[in-house]
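Scroll down for the structure; my scribbles are underneath it.
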Amino acid sequence: MNTGLRITAFAAAAATTFGTAYGVGTGVGPVVADERPAGHGGHGTARAEEATGGGVGDGGHGAAAAAGGLQVSQDGYTLALETPRVAAGKRTELRFSIRDESGRKVTAFAREHGKELHFVVASRDLTVYRHLHPTRAADGTWSTSADLPAAGAYRAFADFTPAKDGAGALTLGADLAASGSYAPAPVPAPATTAKTDGYEVSLTGGLRAGRSGELRLRVAKDGRPVTDLQPHLGAYGHLVALRSGDLAYLHVHPGDGSTGPGPEVSFTATAPSSGTYRLFLDFRHGGKVRTAAFTVEAGKPGASTGPAAGRPETRVPGTRAPGHRH
């Protein structure tokens, strides 16, 4: 299968390269209906609303590329974290809200990919990644349980569309800290395979700066192709890319051309700049969501680059990857 995917770009704040498999945290059940069947109807629409990434310390990443989530406030909406600090290694309830320009909590959202809001937490060194599914209370307060295993700085991202005429999709980001002894980990080296939870995912293709590139991910278990992937967020694969340095966030979904449940899921994506990115693939099999991660390099505008050759890195779910960190 060669599923065409349209990229939806957000921005976050510090990305790293894509290299090893990454354990995904278990989120609290969402307030809206769960995953749609594999029609990918909503994934064919690109989000063209993202702001240009001219945020904090671009570090050489040009501001010309579409990006979002580098700011805590945009278009009159603010991501307000009620728990900006947590204890590392302890399951904690994260609480937050989306506030409008009058400071009121927003309670009406449009559904995107089967949910009212997507919430992602990543460590600044990209060794921890969690795609969570919070529950919204009637007053507009969102909450979800999370376990951040390592101390240090994190970035929280809220991806949503207000249910208001003329409102566009937004990705807002806010800083989050986990207390404890902190030792930053290096980004894993580029590799073409990732092992996670007994699965092996292989990556072909690559990212190109300023131009569309295809990423094909093939899922196998015990040496055999997995041909019965289950829908997750309305598709057979869910892809997030984070740029090293500022965590600029790219969110990619399969388009309408999906033809089957594996073993291959294909995406098209455009890197906003050259540099190192870390790619996180969420897929569901056996009733459980699993995450595989890769480090890739995007070259200069117009140059096609794929992941550098490298040995697969194996990590036991729930632990910090050796020398690093979806």
Side-chain angles (χ1 to χ4, degrees), residues 3-20 22 43 46-71 120 122 124-126 129 155 157 159 169 171 173 187-192 194 201-217 237-255 265-282 292-310 325-326:
T3 309
L5 296 148
R6 295 188 48 103
I7 183 167
T8 60
F10 310 1
T16 60
T17 54
F18 311 176
T20 62
Y22 191 80
H43 296 279
R47 306 168 75 113
E49 71 293 336
E50 41 288 319
T52 345
V56 178
D58 252 11
H61 299 299
L70 292 175
Q71 4 186 35
V120 168
R124 285 283 179 173
D125 63 7
L126 292 179
Y129 172 90
R155 187 75 171 171
F157 304 100
D159 168 30
T171 301
V187 173
T192 56
V201 182
S202 58
L203 170 66
T204 57
L207 288 175
R208 299 191 293 180
R211 294 182 59 187
S212 177
E214 186 177 34
L215 297 161
R216 296 181 302 278
L217 296 113
H238 184 275
L239 193 65
V240 169
L242 296 176
R243 182 173 62 190
S244 180
D246 67 351
L247 286 193
Y249 184 108
L250 303 176
H251 204 166
V252 188
H253 290 284
V265 183
S266 175
F267 302 82
T268 58
T270 301
S273 70
S274 58
T276 299
Y277 292 77
R278 191 144 174 86
L279 179 69
F280 301 97
L281 172 71
D282 286 342
F294 300 84
T295 297
V296 299
E297 299 284 348
K300 296 179 180 179
S304 176
T305 60
R325 141 223 260 228
H326 171 21

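What you see below is based on every heavy atom in this structure, not just the backbone, and it leaves out hydrogens, waters and symmetry mates. Residue indices begin at 1 and follow the sequence shown.
Distance check: Leu207 CG to Ser274 OG gives 11.5 Å after rounding to the nearest 0.5 Å. Considering CG of Leu279 and CG of Leu217, their distance stands at 6.0 Å, rounded to 0.5 Å.
Minimum interatomic distance between Leu70 and Arg155 (heavy atoms only, all atoms of both residues): O-NH2, 3.4 Å. Contact record, Ala292 with Val201: CB-CG2, 3.7 Å, taken as the closest heavy-atom pair. When all heavy atoms of Ala209 and Ser273 are compared, the pair lying nearest together is CB-C, 3.6 Å. Minimum interatomic distance between Ser212 and Thr268 (heavy atoms only, all atoms of both residues): OG-CB, 3.9 Å. Closest heavy-atom contact between Ala122 and Leu242: CB-CD1, 3.8 Å.
Using a 4.5 Å cut-off on side-chain heavy atoms (C-beta onward), Leu203 and Val296 make contact.
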